[in-house]
Amino acid sequence: MSTTLTPVGTLHSPYREKFAIPRQPGLAQLPAVLELQPPFDRPEAVRGLDGFSHVWLIFGFHATAAAGWKPTVRPPRLGGNARLGVFATRSTFRPNPLGLSVVELAGIRCDGGVCLDLLGADLLDGTPVYDVKPYLPYADAIPAARAGFAPEPPARLAVAFAPAAAQVLAAHPEPRLREWLVAVLALDPRPAYRTGEDGDFGVRLFEFDVRAEIRGGQLTVRELRRAG
Ligand code: SAH
């Protein structure tokens, strides 16, 4: 059976480009909002969901879908060297460009529509979401499960802010902005084949062009410039 999927909503996230998005959910607890769209944006469609702390999102890898799929991929966790089968990885280049993420459900707002406040999503801003399902610990959590080539969470870099960047943080109305930027940048945005190399990079996060450098295991944010 082939089928047609219709988005139930759009995910709004601080990740304005693919670069620097965490490679799995839950690694950085940044806020995101799932805005349901008509005809699914009805309060009764989420009745009872507020009893759940976490939800599964099934979504579209819309930014890379046009590239199609590859039977083997090089997972970043293996340094981008070894090739594994697509079904042994969480690669975005899949036969059907569908992603699956478990995220924290921080709140539900139903004021003239339905918005789910989420934490820890690994989704690009603007991602179409095809389904939302409650996370069921008794069925979905398997503490003794084996995790092949990715048994542990990734290592983290130390993150510091140069004075100019620290000033922007200090003047910002959101007190958690620093904590959020540290959480994302510590995950090391460099492509796997560059890990270990020193260098500079820029990335859009929230409303900022973030300019940073990595020297050894230390990432320093040089500049936070409001993106035009
Ligand atoms: N947890 C999901 C996603 C894992 S891949 C799953 O296992 O299916 C995670 C990567 O997906 C991120 O690093 C990001 O670069 C990419 N990504 C997130 N949203 C995307 C989108 N809408 N289109 C293309 N790639 C996306």
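Start at 1 and go down the list; that is how both ligands and their atoms are numbered. The structure presented is a predicted model; accordingly, all values stated were derived computationally and were not measured. The residues of the chain are indexed from 1 along the displayed sequence.
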Can you name the atoms of ligand 1, numbered from 1 with element, that are less than 4.0 Å from a heavy atom of [X]?
X: Ala63; value: 23 (N), 24 (C)
X: Asp122; value: 1 (N), 2 (C), 3 (C), 4 (C), 18 (C)
X: Leu123; value: 18 (C), 19 (N)
X: Gly99; value: 8 (O)
X: Thr127; value: 19 (N), 21 (C), 22 (N)
X: His62; value: 21 (C), 22 (N), 23 (N)
X: Pro25; value: 1 (N)
X: Arg90; value: 4 (C), 5 (S), 6 (C), 7 (O)

message: Test salt bridge (charged side-chain N to carboxylate O under 4.0 Å, His left out) on Arg215 and Asp200; report intermediate values, then the result.
response: CA-CA 9 Å; Arg215 301 279 180 270; Asp200 300 349; 3.3 Å; yes

statement: Of all heavy-atom pairs linking Gln29 and Gly120, the shortest is OE1-CA, 3.6 Å

Which residue and heavy atom of the protein sit nearest [atom], plus the separation:
atom: atom 6 (C) of ligand 1; result: Leu100 O, 3.1 Å
atom: atom 19 (N) of ligand 1; result: Leu124 N, 3.1 Å
atom: atom 9 (C) of ligand 1; result: Arg23 O, 3.6 Å
atom: atom 24 (C) of ligand 1; result: Thr64 OG1, 3.4 Å
atom: atom 15 (O) of ligand 1; result: Lys18 CE, 3.2 Å
atom: atom 12 (C) of ligand 1; result: Pro22 O, 3.6 Å

field: Pair Asp209 + Arg225: basic N to acidic O under 4.0 Å
entry: no

query: Is the side chain of Gln37 donor-acceptor paired with the backbone N or O of Pro7 at a distance under 3.5 Å, no angle test?
result: yes

message: Test your reading of the model: is there a side-chain donor-acceptor pair from Arg178 to the backbone of Pro175, 3.5 Å cut-off?
response: no

- request: Report the C-alpha separation of Glu197 and Arg190 in whole Å, then their side-chain angles, then the decisive distance to 0.1 Å, and conclude whether the salt bridge (charged side-chain N to carboxylate O under 4.0 Å, His left out) test is met.
  value: CA-CA 9 Å; Glu197 280 178 28; Arg190 286 172 294 185; over 6 Å; no

message: Can you confirm if the aromatic rings of His172 and Phe206 lie within a centre distance of less than 6.0 Å?
response: no

Heavy-atom side-chain contact between Trp56 and Leu100 under 4.5 Å: yes

Closest to atom 17 (N) of ligand 1 (judged by heavy-atom distance), picking from Tyr15, Phe93, Phe61, Phe19: Phe61

message: At under 4.0 Å between heavy atoms, is it the side chain or the backbone of Ala65 that contacts ligand 1, or both, or neither?
response: neither

- prompt: Side chain, backbone, both or neither: which part of Thr92 comes within less than 4.0 Å of ligand 1 when only heavy atoms are counted?
  reply: side chain

- request: Measure the distances from the heavy atoms of Gly60 to every atom of ligand 1 and state whether one is below 4.0 angstrom.
  value: yes

statement: Value for NE2 (His12) from CG (Leu34), rounded to nearest 0.5 Å, stands at 8.0 Å

message: Heavy-atom count check: over 12 atoms from other residues, nucleotides or ligands less than 6.0 Å from Gln167 CD?
response: no

query: CZ of Arg83: more than 12 outside heavy atoms within 6.0 angstrom?
result: yes

